[in-house]
Every structure is written in structure tokens, then in C-alpha cells.
Colleague: 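Pasting a structure here, questions to come.
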Amino acid sequence: QVQLVESGGGLVQAGGSLRLSCTASGRTSSRYAMAWFRQAPGKEREFVSGISWSDGTSSYADSVKGRFTISRDNTKNTMYLQMNSLKPEDTAVYYCAGRPGVIIFRATSDYNYWGQGTQVTVSS
């Protein structure tokens with residue numbers, strides 16, 4: 001089993017920045033794909049960004065491309081999401097997810113492990 005714990009959410013004004021962290025513990029492996037999803041009230045959970053743990057290959061949703069940056073620190077088993085130029089429509093609960101393998105998928109059903117989520121609120 002793999003346990004994922006997110007941190008770093010909060011309240012920020014539009015145009016501001018936040019950095020989310022996701023720390024993995026348990027049966028971790030370099031052959032994992034990790035991702036960030038988000039879910040706004042009344043909406044389905046959606047893919048935000050993903051990274052292949054082995055080589056750092058990354059992928060982004062069009063809505064965040066150029067504003068968000070995903071990264072990982074192998075020594076700390078931690079993944080980050082740097083969010084800049086935040087907009088009110090970025091308001092959501094952000095979830096960290098992981099799956100065995102190196103391919104980054106964008107469907108929630110493709111991920112085996114999930115964190116508890118962290119709230120990000122962007123005020124206008």
C-alpha cells in the first residue's frame with residue numbers, strides 16, 4: 001500500500017501563488033506515475049497535472065498550462081505543484097493520486113492511491 005498526504009492549500013487572492021506538496025509513504029517505487037486532480041463544488045474531479053516518477057516526464061491540463069508547474073523530489077518522496085497566476089476558477093479541493101507504471105493517465109479510474117485532499121480557494 002501507498003499512503004499519500006497533501007499539504008499547502010489555503011486562501012489566496014487572484015494573481016497569487018501557492019505550492020502544494022504530496023508526500024508518499026509505504027511501498028513506494030520509482031516506477032510510479034503521480035498526478036494532481038481537483039474537484040470544484042458540483043463538478044467532477046478533473047486532471048490537473050501528472051509526472052512520471054522515474055524520468056520526470058510531465059503533462060498538464062490546458063487550463064493550467066503555463067501557470068502551474070509539477071515537480072518531484074525523489075529523496076523526499078514528495079511531489080509538488082507550484083501554482084502561479086491563480087484564478088477564482090482554480091478554486092477546488094486538490095487531490096494527489098498515484099498508480100504503478102510510468103504512463104501518466106488523466107482518468108480518475110486509472111489511479112490506485114489517493115490523498116485526502118487540500119482546499120485551495122482563490123478570491124477575486
Side-chain angles (χ1 to χ4, degrees):
Q1 287 287 339
V2 175
Q3 293 78 43
L4 302 175
V5 178
E6 304 99 334
S7 61
L11 173 64
V12 65
Q13 288 188 333
S17 298
L18 281 175
R19 188 177 80 157
L20 305 183
S21 300
C22 171
T23 299
S25 60
R27 298 185 65 179
T28 58
S29 166
S30 62
R31 292 185 61 80
Y32 263 72
M34 303 291 293
W36 290 98
F37 286 77
R38 67 186 181 186
Q39 188 166 20
K43 295 188 176 181
E44 293 188 352
R45 195 170 297 188
E46 65 175 2
F47 174 84
V48 175
S49 182
I51 190 166
S52 182
W53 206 261
S54 58
D55 65 2
T57 301
S58 60
S59 178
Y60 296 91
D62 288 345
S63 59
V64 306
K65 202 172 292 183
R67 300 187 297 122
F68 291 9
T69 303
I70 194 170
S71 62
R72 90 270 193 239
D73 185 334
N74 292 355
T75 64
K76 296 181 179 179
N77 276 350
T78 299
M79 173 177 69
Y80 303 98
L81 185 68
Q82 178 66 43
M83 306 186 295
N84 298 329
S85 301
L86 282 161
K87 304 175 181 180
E89 50 264 44
D90 294 317
T91 295
V93 177
Y94 283 70
Y95 296 90
C96 168
R99 65 179 305 279
V102 298
I103 299 174
I104 303 165
F105 289 92
R106 299 191 172 209
T108 57
S109 58
D110 289 313
Y111 288 83
N112 304 77
Y113 307 108
W114 291 86
Q116 81 288 354
T118 185
Q119 176 71 47
V120 171
T121 303
V122 184
S123 63
S124 57

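In what follows, every heavy atom counts, from backbone to side chain, and hydrogens, waters and symmetry copies are set aside. Throughout, numbering of the chain's residues begins at 1 and tracks the sequence.
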Colleague: How long is the gap from OH on Y32 to OG on S54, to the nearest 0.5 Å?
Modeller: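 It is 13.0 Å, given to the nearest 0.5 Å.
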Colleague: At what distance, to the nearest 0.5 angstrom, does CD1 of I70 lie from OH of Y60?
Modeller: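 Rounded to the nearest 0.5 Å, the CD1-OH separation comes out at 6.0 Å.
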Colleague: One pair to check against side-chain contact (heavy atoms from CB on, under 4.5 Å): C96 and M79. What are the steps and the verdict?
Modeller: CA-CA 9 Å; C96 168; M79 173 177 69; 3.7 Å; yes
Colleague: Yes or no on side-chain contact (heavy atoms from CB on, under 4.5 Å) for W36 and C22, after CA distance, side-chain angles and deciding distance?
Modeller: CA-CA 9 Å; W36 290 98; C22 171; 3.7 Å; yes
Colleague: Is I104 reachable from V102 through a run of hydrophobic residues whose side-chain heavy atoms are each under 4.5 Å from the next?
Modeller: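 Yes.
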Colleague: What I'd like to find out is whether the side chain of R45 reaches to under 4.5 Å of the side chain of Y95, using heavy atoms alone.
Modeller: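 With C-beta onward as the side chain, the pair touches.
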Colleague: Honestly curious: do F37 and I51 fall in one hydrophobic cluster under the side-chain, below-4.5 Å linking rule?
Modeller: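 No; I51 is not reachable from F37 via cluster members.
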Colleague: Answer yes if M34 and F47 sit in the same cluster of Ile, Leu, Val, Met, Phe, Trp and Tyr residues linked by side chain heavy atoms under 4.5 Å apart, and no otherwise.
Modeller: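 Different hydrophobic clusters.
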Colleague: Main chain of W53, side chain of R72: is a donor-acceptor contact present, judged purely on distance under 3.5 Å?
Modeller: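 Side chain of R72 to backbone of W53: a pair is present.
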Colleague: Between Q119 and G9, is there a donor-acceptor pair closer than 3.5 Å when you use the side chain of the first and the backbone of the second?
Modeller: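 The answer is no, because no donor-acceptor pair under 3.5 Å joins these two groups.
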Colleague: Tell me, do R106 and S59 make a side-chain contact under 4.5 Å, heavy atoms counted?
Modeller: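 Contact flag for R106/S59 side chains = yes.
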Colleague: Please report the interatomic distance OG1(T118) to OH(Y94), rounded to the nearest 0.5 Å.
Modeller: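 Here the rounded value is 10.5 Å.
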Colleague: For T91 and E89, test the side chains for any donor-to-acceptor distance below 3.5 angstrom and give the result as yes or no.
Modeller: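 There is no such pair between these side chains.
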Colleague: Can you check side-chain contact (heavy atoms from CB on, under 4.5 Å) on L81 and T69, steps first, answer last?
Modeller: CA-CA 6 Å; L81 185 68; T69 303; over 6 Å; no
Colleague: Determine, stepwise, if the pair M83 / R19 fulfils side-chain contact (heavy atoms from CB on, under 4.5 Å).
Modeller: CA-CA 6 Å; M83 306 186 295; R19 188 177 80 157; over 6 Å; no
Colleague: Measure across P88 and A14 and return the closest heavy-atom pair with its distance rounded to 0.1 Å.
Modeller: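 Looking at all heavy atoms of both residues, the shortest contact is CD-CB, 4.1 Å.
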Colleague: Among all residues two or more places apart in sequence or in another chain, which pass the salt bridge (Lys or Arg N to Asp or Glu O under 4.0 Å) test with R67?
Modeller: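 In terms of salt bridge (Lys or Arg N to Asp or Glu O under 4.0 Å), with neighbours along the sequence ignored, R67 is linked to D90.
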Colleague: To the closest 0.5 Å, what do you measure between CG (N77) and OG (S25)?
Modeller: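 Here the interatomic distance stands at 8.5 Å.
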Colleague: Taking only residues two or more places apart in sequence or in another chain, which ones pass salt bridge (Lys or Arg N to Asp or Glu O under 4.0 Å) with E46?
Modeller: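 Here the qualifying residues are R38.
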Colleague: To the nearest 0.5 Å, what is the distance between OH (Y80) and OG (S7)?
Modeller: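 Rounded to the nearest 0.5 Å, the OH-OG separation comes to 9.0 Å.
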Colleague: Could you tell me whether the side chain of Q39 and the main chain of E44 form a donor-acceptor pair under 3.5 Å?
Modeller: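 No, because the side chain of Q39 does not come within donor-acceptor range (under 3.5 Å) of the backbone of E44.
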Colleague: Using only heavy-atom distances, determine whether the side chains of N84 and S17 contain a donor-acceptor pair under 3.5 Å.
Modeller: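 Indeed, the side chains of N84 and S17 share at least one donor-acceptor pair under 3.5 Å.
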Colleague: Quick check: is W114 connected to V93 through a chain of hydrophobic side chains (ILVMFWY, heavy atoms under 4.5 Å apart)?
Modeller: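 Yes, V93 and W114 fall within the same hydrophobic cluster.
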Colleague: Distance check, rounded to the nearest 0.5 Å: D55 atom CG versus R31 atom CZ?
Modeller: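 Separation between the atoms: 10.0 Å.
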Colleague: Following the transitive rule for hydrophobic clusters with a side-chain heavy-atom cut-off under 4.5 Å over Ile, Leu, Val, Met, Phe, Trp and Tyr, establish whether L4 and V120 coincide in one cluster.
Modeller: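 Yes, because L4 and V120 connect within a single hydrophobic cluster, where side-chain heavy atoms sit under 4.5 Å apart.
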Colleague: Looking at V12, V64, T121, which one forms a side-chain contact (heavy atoms from CB on, under 4.5 Å) with L86?
Modeller: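 Considering V12, V64, T121, a side-chain contact (heavy atoms from CB on, under 4.5 Å) with L86 is found only for V12.
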Colleague: May I ask you to decide if D110's main-chain N or O and R99's side chain share a donor-acceptor pair within less than 3.5 Å?
Modeller: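 Side chain of R99 to backbone of D110, a donor-acceptor pair under 3.5 Å: yes, one is there.
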Colleague: May I have the step-by-step check of side chain to side chain donor-acceptor pair (under 3.5 Å) for T23 and T78, ending in yes or no?
Modeller: CA-CA 4 Å; T23 299; T78 299; 3.1 Å; yes
Colleague: How close do A24 and V2 get, heavy atom to heavy atom, and via which atoms?
Modeller: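 Heavy atoms only, the tightest pair is CB-CG1, 4.3 Å.
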